[in-house]
Amino acid sequence: MKFYDHKKIEKKWQNVWEKSKIYQTRKEAKGKKFYGLIEFPYPSGAGLHVGHIRSNTAMDIISRKRRMEGYNVLYPIGWDAFGLPTENYAIKTGIHPEKVTKTNTDIFRKQLKSVGFGFDWSREIDTSNPSYYKWTQWIFLQMFKKGLAYKKKTEINWCTKCKIGLANEEVVGGVCERCGGAVVKKEKEQWMLAITKYADRLDKDLDDVDYLEKIKLGQRNWIGKSEGSEIDFKIKNSSEKIKVFTTRADTIFGATYVVLAPEHELVEILKSKIENIKEVEKYIKEIKNKTDIDRTAEDKEKTGIELKGIKAINPANNEEIPVWIADYVLVQYGTGAVMAVPAHDERDWDFAKKYNLPIKVVIEPYFVKKAGSDAIRDNEPFIERNAVVCVVKHWQEEKYLCLKWKKNDWQGFVVGGIEGNESIISAGQREVTEETGYKNLKFVKKITETIHSKFYHEIKKQNRFAHFETLYFELKNDERDEIAEEEKNIHEVVWVPKNDVLSFTLKDEDMNYIWKRFIKEQPYIDDGIVGNSDKFNGLSSLEAQKQITKFVGGRIVSKYKLRDWVFSRQRYWGEPIPIIHCEKCGYVPVPEKDLPVMLPKVKSYTPTDNGESPLAAISKWVNIKCPKCKGSAKRETDTMPNWAGSSWYYLRYVDPNNKKEFASKKNLKYWTPVDWYNGGMEHTTLHLLYSRFWHKFLYDLRLVPTKEPYQKRTAHGMISAEGGEKMSKSKGNTVDPKDIVETYGADTLRVYEMFIGPFDQTVVWNTNSIIGSRRFLERVWKISEKLTDNKKGSSLIIEQLLHKTIKKVSLDIESMNFNTAISSMMVLLNEMEKNEINKKDFKMFLQILSPFAPHITEEIWNNLGENKSIHISPWPKWNESKIVDEKVKIAVQVNGRVRAEIMITKDMTEESIKEMALKEKNVMTWTEGKEIKKIIYVPNKIINIVA
RNA sequence: GCCCGAGUGGCGGAACUGGUAUACGCGCACGACUUAAAAUCGUGUCUCGCAAGGGAUGUGGGUUCGAUUCCCACCUCGGGCACCA
């Protein structure tokens, strides 16, 4: 046989496949189907990189397996062609973006084909093609008609470098996600999409889809659903009210002031009543001039100013409280106003400390022991006790008095009950003296509010519900009484250095909390028991939230972090927004028969300095007759963001050439939802959320048959450069797949990229390791020469291992553990080299390898006399009975250490296996003179003798 | 600060629901073939120890006959969010 000439083989089969169209989807919408999707690439000038290959190969393998399993497979590809890099390149070179796109997609197509992906090329789409973006515009118009697309003058994020408005999602850390340029606030009329109307469903319907948990979590965090109460605070001597949103209505009695966002409309309304209006206006102006970077700077101190002369009335207790405006309250979230409860909120706490505002405690910490020896016992009554916890400082050193209990593993500060009419201070003093002997205590302060704790008292053998006062004493000297014998038996007195106290009290949540509060003054922000709140005292936080909201006439509502989507771009290379501005009729949609609104040819693509799109300069295109009144009107000159085309592309694939609809009902019904969508984690909050939103909108119009676009979503890890840093053209550390394909072949590249490491994790590219994958394929090539005839069976070892491998590879592909699938095939190959294997069995091996290495397997398959393609042959099935081992080697442990190995057969009883183990020479040495207490046998794995 | 994820040989990594840690690959060493080198094939390769044995899965503790796997605390790295009331 000839040597393995990858160039010849790969070229040959790529041509054959193209002619025979084996990867084309079956036309008739019948039978079981599989729709596998990858994120279509942005055809940048940099060309395809190794990261694309990784994710494309993964879905290629899955699709190929499905095809062999008899599914009608749709694995399509296209181009996410609109976007900034192409436009910027056009500005620089003067070459039309359309031409740039054409050049780039040609390169991408050629590259993708050279790697042997099984795409259905007859369904290729391009978002910048008018036949495609006609439907992007059409969907936008449906949104406009339903009021979901609206124009709004907003403060937008303006990138000073790209000269475009950015969606919130595109601002990362206060700078432009794309270019890293400074982002400032700018007032601009922008088209918006009301994604927030779908916030609740976008959150809830995640329950019904099979996405990786971390993807769901990412989406949920981004949507940021939060349930709470809306409560009105009346303003004294005014008919106006301040509506606040809070998730902690249980703390309302502790609300000592109200804060509005600086942009809050009430400031303007109440202007005449604000005594210090000049300073207030000055403050607001300062805030507005700040960039996002300043506003989000890390340890930025909160600022604010009181609205003098304005008082709000706390609806819970009718107290008059001051009203402030401050930069830590965001106008976009909730109601743009908060009730400040400094005792139970970190931000309010910081602010109150800075401006000397009152702090009122209304929630008392509450701990329940749920684990450990002092965990509460179910079904036993609680005995209530008032008690003290005493933190006592050493008379000289930085050490604190602690007790180590002898009967259990509890350790902490001095704790004891309050007796009769005793004051808490004398109770504390008495307990310290009784338990430790120390006498001369100076009371300094209470450390916290009352702490409530439920636990099991191990000495008294009862459930306790204790209410602790926490006291801080300093010892004046070492004078000490004799400790009673009884106390001595219970615990040991220990002086713990300040830095070690935390680890000493670690096991006990209450002690731990007291200490933390002792060393650092801070608010208690968790749930607890309500106090200081009239008739609500004693309720749990949760219960109080409901009751108090009702009591003050509030409403339970949900709020979301998600904002509406800024959909306008003042750029050329995007879909024109199909709207006409008529002075008489307002915003008029372009009639559907006039779609698509084509991008006009322009000479210069540079955005204008006043922030208008380059389209605005083409008066011939802009000026138009109003379709309604026929009067003079102007076209919208903003274009759509490049998230638009990718929000529905998976729908177009099912019917890419349809001229009447974006896709036919019949095809949609058969093909959607996408069965499996793989893509990058970086798209979970942008593309994935946007497309789910569009899909749900189309579903509401009965235009698509499913609620969700993607049934299953997984994510790949990235490939970083050899130093571990990101691959980038500027760093010059990119790897061009083309070079690898030439030197080692597409099959080697594919196998290597799947073998490199766990698919969902970031991996480091290592060109030196590729040789391993190449050697593997070369050995596969060579071994096909030594196959025995089918009349002779393969050796038993091979037969068993083959079936094990078929099983492992089949399952590993499903769970995307491609690296272990390949390693198991390597193991099989190693054995095949040493043992007899016949053609029939070897062909099964070729079949399971074929999704990974489609060319070489096809060539060998063909050489072995097969006429039809391996890629449409049926996926091999493993035979479970062939996998079962007749004989197994198991380990024999003595006290958890391996001391011997024994061979057992399938039919041996547990008893005989144990007997056999005990007779092993080395086992006998280790068990000699010892009593055998227990023998644990785990079938086919291990036997452990405890002696 | 908060939320995810990960720490295993020289390197990439494997280990099913707790059951013989280090599969598979790279690299390295030695050997065969060769005038020689490359390629290929074979053998070896966590570590201490002559051996019997012992020690190692980021660190410290816990549960268990048995822990890379479960629990607690901490450290380091990667990613996401960042005043969201």
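Sequence lines set the chain letters: A, B, ... in the order given, protein chains first and strands last, and positions in each chain run from 1. Below, all heavy atoms of this structure are taken into account, side chains as well, without hydrogens, waters or symmetry copies.
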Nearest listed nucleotide, side chain of Lys214(A), among C24(B), C26(B), C4(B): C4(B)

Within 6.0 Å of NZ in Lys786(A), more than 12 heavy atoms from elsewhere: yes

For G1(B), the Watson-Crick or wobble counterpart (both distances under 3.5 Å): C81(B)

Full working for side-chain hydrogen bond (donor to acceptor under 3.5 Å, both in side chains) between Asn678(A) and His716(A): CA-CA 7 Å; Asn678(A) 185 73; His716(A) 55 250; 3.1 Å; yes

What are the atom names and distances for every N/O pair under 3.5 Å that joins the protein to nucleotides 37-48 of chain B?
| residue | atom | partner | partner atom | Å |
| --- | --- | --- | --- | --- |
| U40(B) | OP1 | Arg775(A) | NE | 3.1 |

Return a table of donor-acceptor pairs under 3.5 angstrom between the side chains of residues 928-937 of chain A and protein atoms on other chains or two or more places apart.
| residue | atom | partner | partner atom | Å |
| --- | --- | --- | --- | --- |
| Tyr937(A) | OH | Asn940(A) | N | 3.4 |

Gap in Å between the two P atoms, one belonging to G42(B) and one to C33(B), rounded: 16 Å

Between C65(B) and G10(B) - C1' atom distance, rounded Å: 36 Å

Pairwise P distance, A23(B) and C11(B) [rounded to whole Å]: 15 Å

Contacts of type side-chain hydrogen bond (donor to acceptor under 3.5 Å, both in side chains), residue Asp232(A), not counting sequence neighbours: none

Out of G53(B), C24(B), G19(B), whichever nucleotide has its closest atom nearest the side chain of Asn944(A): G19(B)

Short N-O contact, Arg220(A) and Asp203(A), less than 4.0 angstrom: yes

Nucleic acid contacts - residues 755-764 of chain A versus RNA chain B, non-hydrogen atoms under 4.0 Å: Phe755(A), Ile756(A), Pro758(A)

Spacing between Lys561(A) atom NZ and G80(B) atom P, to the nearest angstrom: 15 Å

Salt-bridge contact Arg248(A)-Asp527(A) (side-chain N to carboxylate O under 4.0 Å): yes

Residue Arg897(A), side-chain atoms from C-beta onward, closest of G55(B), U20(B), A85(B): G55(B)

Sugar-phosphate, base or nothing in reach of Glu901(A), heavy atoms under 4.0 Å: base

Basic-acidic side-chain contact under 4.0 Å: Glu230(A), Arg555(A): yes

Asp327(A) CG - A85(B) P separation (whole Å): 17 Å

Separation of atom CE in Met681(A) from atom P in G79(B), rounded to whole Å: 13 Å

Centroid-centroid under 6.0 Å between Phe852(A) and Phe755(A) rings: no

Selected nucleotide, minimal atom distance to Val898(A) side chain, candidates C65(B), U20(B), A15(B): U20(B)

Presence of Ser226(A) side-chain N/O under 4.0 Å of A85(B) phosphate oxygens OP1/OP2: yes

Atom-to-atom span, CD of Gln522(A) to P of C2(B) - whole angstrom: 11 Å

Between C24(B) and A38(B) - P atom distance, rounded Å: 25 Å

Sugar-phosphate only, base, or nothing, as touched by Gln893(A) at under 4.0 Å among non-hydrogen atoms: base

Salt-bridge criterion met for Glu880(A) and Lys807(A) (N-O under 4.0 Å): yes

Residue Lys914(A) excluded, over 12 heavy atoms near NZ under 6.0 Å: yes

Those residues that, when tested against Glu346(A), pass salt bridge (Lys or Arg N to Asp or Glu O under 4.0 Å) (two or more places apart): none

Interatomic distance where CD1 belongs to Ile942(A) and P belongs to C65(B) [whole Å]: 15 Å

Sole residue of Lys782(A), Arg775(A), Arg774(A) in salt bridge (Lys or Arg N to Asp or Glu O under 4.0 Å) with Glu778(A): Arg774(A)

Rounded interatomic separation in angstrom, taking CG from Leu212(A) and C1' from G80(B): 15 Å

Pairwise P distance for G54(B) and A21(B), with rounding to whole Å: 12 Å

Integer-rounded Å distance: G54(B) C1' and Asn895(A) CG: 16 Å

Shortest side-chain distance from Leu217(A), nucleotide among A85(B), G53(B), C4(B): C4(B)

OH-CD1 distance between Tyr560(A) and Ile195(A), expressed to the nearest 0.5 angstrom: 12.5 Å

Between U68(B) and U17(B) - P atom distance, rounded Å: 16 Å

Candidates G54(B), C24(B), U20(B) - which lies nearest the side chain of Met826(A): C24(B)

Within residues 801-811 of chain A: residues closer than 4.0 Å to RNA chain B (heavy atoms): none

Out of C26(B), A85(B), A14(B), whichever nucleotide has its closest atom nearest the side chain of Asn819(A): A14(B)

Nearest-angstrom distance from the residue atom CD1 of Ile770(A) to P of G27(B): 12 Å

Distance between P atoms of U20(B) and U35(B) (Å, rounded): 49 Å

Minimum-distance nucleotide (side-chain atoms of Lys302(A) versus A15(B), G19(B), C83(B)): C83(B)

N/O (side chain, Tyr328(A)) to phosphate O (OP1/OP2, A85(B)) under 4.0 Å: no

